[in-house]
Amino acid sequence: MSILFFCQGDDGQVLQAFRQRLPDHDIIDWNSASALAAPEKITAAIVWMPPDDFFDKLVALQQVYAFSAGVDHLLQHPGLPEEVTIIRLQDAGMSQQMAEYALYGTLHYQRQMGMLRKAQQDAEWCRDVKVRATADTGVGVLGAGALGLQVATKIALNGYPVSSWSRSARPSPDGRVSMFHAEEGLSEFLAGSQVLVCLLPLTEATRGILNRQLFEQLPRGAFLINPGRGDHLNDTDLLTALDSGQLSGALLDVFSTEPLPATHPFWQHPDIIITPHVAAQSLTEESVGQIAANIEAIDRGETPSGVVSRQSGY
Ligand code: NAP
Ligand code: GLV
């Protein structure tokens, strides 16, 4: 029984961590010459951005562990076998990073740092800053999953009124976050979101959700933070909303094409801040520990946590 490993960008550190954490398992490096010497023995794979032919010879594959929270790239992989179980990371140290990222964007909006930065470029002593009280700065988080709920709670602890929106009804953690769900809860949720954070998974239901129709339901001058996926956002609609003043700015971490092409208008836009898909990175110790615990659970005949529903796409 072997586990095939491919994580794009790994310099060997993550592979080594898996081998140390699971000394009784044969963990095969996809990049080694003998990787597919006995494909019939490979029952599991650990992946991030596997190449197109990765699954071709894996006739005995049963589980695929995503070295990521999102699985959209994996579900779209042309060779992914129909019957395998997909297991993803749940938080694994990412929610703290994500909360910091969202808080940074919230403060950027609340303290009008974009305007002050522009004034600095003109050496202008600009004291025309309107006070935005924390209590009047509503933050809405799209998605109340492993990351969204933690982000919402941590921002609420800073005194902001925070709402969260999910597919199904969920209880409020500690009563600090106002909960909304489904289509019928969306308009009210958006109306109170001066800052909107997208932490939805990319599925057929959420693709393009950050569009003109949604922006129009936000308070005028709202600020968008998107660390979800690039295909959640309609790029043209964002530019139009910024031009009209319906949105005052955006902090974007993910893009339809990554790396973001040098000619893309987002790069030069004065009201857009770009980060290169680094809002929350997979931490080796936490991620390896979570996947290893799931592998051991399956060895014992137990159910792993973080199993992805192919039907819902997350
Ligand atoms: P998760 O635990 O699966 O949570 C997903 C949440 O979205 C759930 O609350 C779910 O509702 C909700 N949802 C799904 N489809 C919906 C729909 N059609 N309408 C309304 N709500 C919907 O996911 P997660 O672990 O929090 O991760 C979220 C995403 O963050 C990932 O998929 C990935 O794209 C992104 N991410 C980005 C980075 C980065 O560095 N930029 C890092 C990690 C993750 P229910 O609660 O009702 O199921
Ligand atoms: C990163 O984007 C992830 O989904 O973990």
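Order of listing sets the numbers, starting from 1, for every ligand and every atom in it. Remember, it's a predicted structure, so these values are computed and weren't measured experimentally.
- For R170, every heavy-atom contact with ligand 1 shorter than 4.0 Å involves the side chain, none the backbone.
- In V254, the part holding a heavy atom less than 4.0 Å from any atom of ligand 1 is the side chain.
- The heavy atom nearest to atom 5 (O) of ligand 2, out of those in S287, G228, A69, is found in A69.
- T275 and Y101 share a donor-acceptor pair across their side chains, judged by distance under 3.5 Å alone.
- Any N or O atom pair closer than 3.5 Å counts here, and W48 shares no such pair with ligand 2.
- Contacts between Q90 and ligand 1, counted as non-hydrogen atom pairs separated by less than 4.0 Å, are absent for every part of the residue.
- Considering both main-chain and side-chain atoms, G70 comes within under 3.5 Å of ligand 2 through a nitrogen or oxygen pair.
- If you check the side chains of Q217 and Q213, you find no donor sitting under 3.5 Å from an acceptor.
- When only interatomic distances are considered, the shortest N/O to N/O separation between A280 and ligand 2 does not fall below 3.5 Å.
- In terms of polar-atom proximity, defined here as any N/O pair under 3.5 Å, S282 makes no such contact with ligand 2.
- Looking from atom 2 (O) of ligand 2 to the surrounding protein, the closest heavy atom is H277 NE2, 2.6 Å.
- Heavy-atom separations between R88 and ligand 1 include at least one value shorter than 4.0 Å.
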